[in-house]
There are 2 protein chains.
Amino acid sequence: MAGVTLKTVAKAVGVSPSTVSNAYNKPDQLSTALRDRILAAAHELGYAGPDASARALRSGKAGAIGVLFTDKLSYAFSDPFAVGFLAGLAEVAEEFRTSLLLMPVGTEDTADSSTAVQQAAIDAAAIFCVPYGHPALDILAARGLPAAATDPDNYTDSWVAIDEVAAAMSLGEHLTRLGHRDIVVLVEGAGAAGTGPVEMRLDEVLSGNPTQRLEGLQKAMPEARIRLVSGGHNAFNSGVAGASWVLDSQDRPTAIVGLSDVQALGAMEAMRVRGLVPGRDLTVTGFDDIPAAEQAGLTTIHQPIGEKGRVLGRLLLDPATTERQVLLPTELVVRASSGPAPKR
Amino acid sequence: MAGVTLKTVAKAVGVSPSTVSNAYNKPDQLSTALRDRILAAAHELGYAGPDASARALRSGKAGAIGVLFTDKLSYAFSDPFAVGFLAGLAEVAEEFRTSLLLMPVGTEDTADSSTAVQQAAIDAAAIFCVPYGHPALDILAARGLPAAATDPDNYTDSWVAIDEVAAAMSLGEHLTRLGHRDIVVLVEGAGAAGTGPVEMRLDEVLSGNPTQRLEGLQKAMPEARIRLVSGGHNAFNSGVAGASWVLDSQDRPTAIVGLSDVQALGAMEAMRVRGLVPGRDLTVTGFDDIPAAEQAGLTTIHQPIGEKGRVLGRLLLDPATTERQVLLPTELVVRASSGPAPKR
DNA sequence: TCGTTCTTCTAAATCGATCTAGAAAAACGA
DNA sequence: TCGTTTTTCTAGATCGATTTAGAAGAACGA
């Protein structure tokens, strides 16, 4: 069973290894009769076709693109935004007969993160929300693989993104129009588990999307008091925790802005538990417009999540795509969760 | 930049290729001084470390496990059950420093499905809800890779599953107790897109989970009239479509049983649109207990979704795991969507 | 001082295919 | 019939590393 290679088959049939290889890869390079004979012999010997690693080595094509995540891989699947993005990417990958290799790169640890990125047999890499300066990016760069990112501030010049600042501004303007002058922003915190929600300073916020979204908010609400609170990493529960902490404090804002929809949905849940109605008692807004946002009636910034994945896929796989940098449109979607600030 | 290999580095430093290889893989096989010199030279030359394909070929380890899906890859991400399973699998994969290679295998087309399964450089395969007899499984078998499945009736003797029949029976008994004698089961249909919902015969239902769940239902409800309806593949929209068709028909059942939660949730949506209240006007039940089921108040069969992935991961990666076949527990979770059948 | 054991390093084989260049045979045109 | 093209097949180099067995030198104990 084991140890059956091209050579074994070649010897059995009485042809050269090259011919057997051709039987699999270039059917028009040999007569049909011989090809059938080879395939039959291969089947009989239990030969499963050319070895993947060997083929990858020789031909230089791995038939897979890697997807880099900062977070643990398990988070990736719990985050609807990531899931939507992956679905889009997968669609294009399928089209090009390419598999998707998911690679967690850890948050900061160089030694660990390197292994996956270094050892992976891939043709190209999709960089999904990995902050600038992450060690894995250097490793990737060293490999010289084509890469495309979901942020313009990444090391590669291929990316698909949205205008985060402008999007956040339109949200900020919406809040301003509604009269909000005192808001709390739920951000993703570095905070270790168990420490509970904490108030953060602007400079503590990691780079990437969050910073730009904050920047946009501040620009659009220059007169507002903006506080930052983190309930943990980017997840529903963190939103619940962060918002609960805010709601139970002596100093409630008039609006809670989740920097992602999942956090905002968590905030809505925290309100529900306390008998508060989003949009009436307190305004809650999100970011991204994941499917659940619509059902929950969450005011948020819509961005074409699946399309982001699809465009990135084409950036990596489709030679016909000449554009290297794609900016997708966003739109403020006003739903029931936002309402006028109560008079003071 | 390109063409920098182990040899290049070796020549530059003036050592043998083996030594450079050891510098990366067996640091204790050479002096620290030399190792540093090698690594420095490598960095300077822009060498990104041992080539993944070559390493995989020589050492026989790809550092990845493949995940086989029947459906299109993009569906995998839209299905909460799949997502939960993947999250669990990913957790274990991470632990073992292994990446996940997602491989769609198409529904039936041999030629197409083979490519991914054949070309993938993987150490083992996770077979996720791929029906028995699927051509990709034969290809996989021929490769002689370790494999584990989410169904006991698959070709490999490693699997993690639930007792589908028993689980379905407990659901059937629940419905019987509530007085239901006329039910419609929403099944996944082969139906091409655009054909609209159709009534199906039992023998038209594909093998695997669905058949067993139906079997359990029938066993527990011998006197009931059980009809099968398909609104398409396994998705929310299909549930909406199938249920709408049923609700608008002249011959409404007293209960709609989704063979998966997403279908059941679709059915609830179809009811909502029509002003019907699940549990009062009509009973709706699901299967799997995905997160959304709890929020929606859906009566369903709970199964440990994430754990299923974790166990499968250990089956494939953890040499310490001796068990080959794991049966996970299930539980009927009664929520608001099921209620007594109206008196006739 | 001499054999013995470590440590450090290397030569050459090997993993399993694909590719290039070209030979042998068959088909073709005039 | 003879050169020319096309079809069919092959030899041998090559992709880039890892591995095995062992050499050279250093350290060690008695």
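Throughout, a chain's letter reflects where its sequence line sits, starting with A, and its residues are numbered from 1.
Listed here is the closest heavy atom pair of A/Ile122 and A/Ile65: CG2-C, 3.9 Å.
One can place CG of B/Asn22 at 14 Å from P of D/dA17, the figure rounded to the nearest angstrom. Per the geometry, CG belonging to B/Asp51 stands 6 Å off C1' belonging to D/dG16, to the nearest Å. Between B/Asp123 atom CG and C/dC15 atom P there is a gap of 18 Å when expressed in whole angstrom units. Taking atom CZ of residue B/Arg58 and atom P of nucleotide C/dC15, one finds them 7 Å apart after rounding to whole Å. What separates CD of A/Gln119 from C1' of D/dG16 is a distance of 15 Å, to the nearest Å. Rounded to an integer number of Å, the gap from B/Arg55 CZ to C/dT14 C1' is 17 Å. In this entry the distance linking NZ of B/Lys61 with P of C/dG16 reads 13 Å, nearest Å. Protein atom NZ of B/Lys11 is 14 Å distant from nucleotide atom C1' of D/dG16, rounded to whole Å.
Residues of residues 24-38 of chain A having a heavy atom closer than 4.0 Å to DNA chain D, listed by number: A/Gln29, A/Leu30, A/Ser31, A/Leu34.
B/Lys308 is listed as a side-chain neighbour of B/Phe81, based on a closest heavy-atom distance under 4.5 Å. Within the 4.5 Å cutoff, the side chain of B/Leu102 has heavy atoms near those of the B/Phe69 side chain. Contact annotation: the side chain of B/Arg35 never approaches that of B/Ile38 to less than 4.5 Å [non-hydrogen atoms, C-beta and beyond]. With contacts defined as side-chain heavy-atom distances shorter than 4.5 Å, the pair B/Val13/B/Val20 does not qualify.
Residue A/Ala54 places its side chain closer to C/dG16 than to any other of C/dG16, D/dG12, C/dA11. When each of C/dA17, D/dG16, D/dA17 is scored by its nearest atom to the side-chain atoms of B/Pro50, the top-ranked nucleotide is D/dA17. Listed candidates were D/dT19, D/dA11, C/dG16. Nearest to the side chain of B/Leu57 is C/dG16.
Across all strands shown, B/Val20 has no heavy atoms under 4.0 Å from either base or sugar-phosphate atoms. At the heavy-atom level, B/Thr5 lies under 4.0 Å from the strands shown only through sugar-phosphate atoms.
At a cut-off of 3.5 angstrom, the base of C/dG16 holds no donor-acceptor pair with the side chain of A/Ser53.
A sub-4.0 Å separation between OP1 or OP2 of D/dT18 and a side-chain N or O of B/Ser59 is absent. Here A/Thr19 does not reach the OP1 or OP2 of D/dT8: none of its side-chain N or O atoms lies under 4.0 Å away.
Between atom CE of residue B/Met103 and atom CD1 of residue B/Ile127 there is a gap of 9.0 Å, rounded to the nearest 0.5 Å.
Summary of the strand contacts: B/Ser16 and A/Gly49 both lie near DNA chain C, and taking for each the nucleotide with the nearest heavy atom, the more 5' one is attributed to B/Ser16.
Not counting sequence neighbours, the partners of B/Ala148 by the side chain to side chain contact (heavy atoms under 4.5 Å, CB included) test are B/Ser158, B/Leu312, B/Leu315, B/Leu316.
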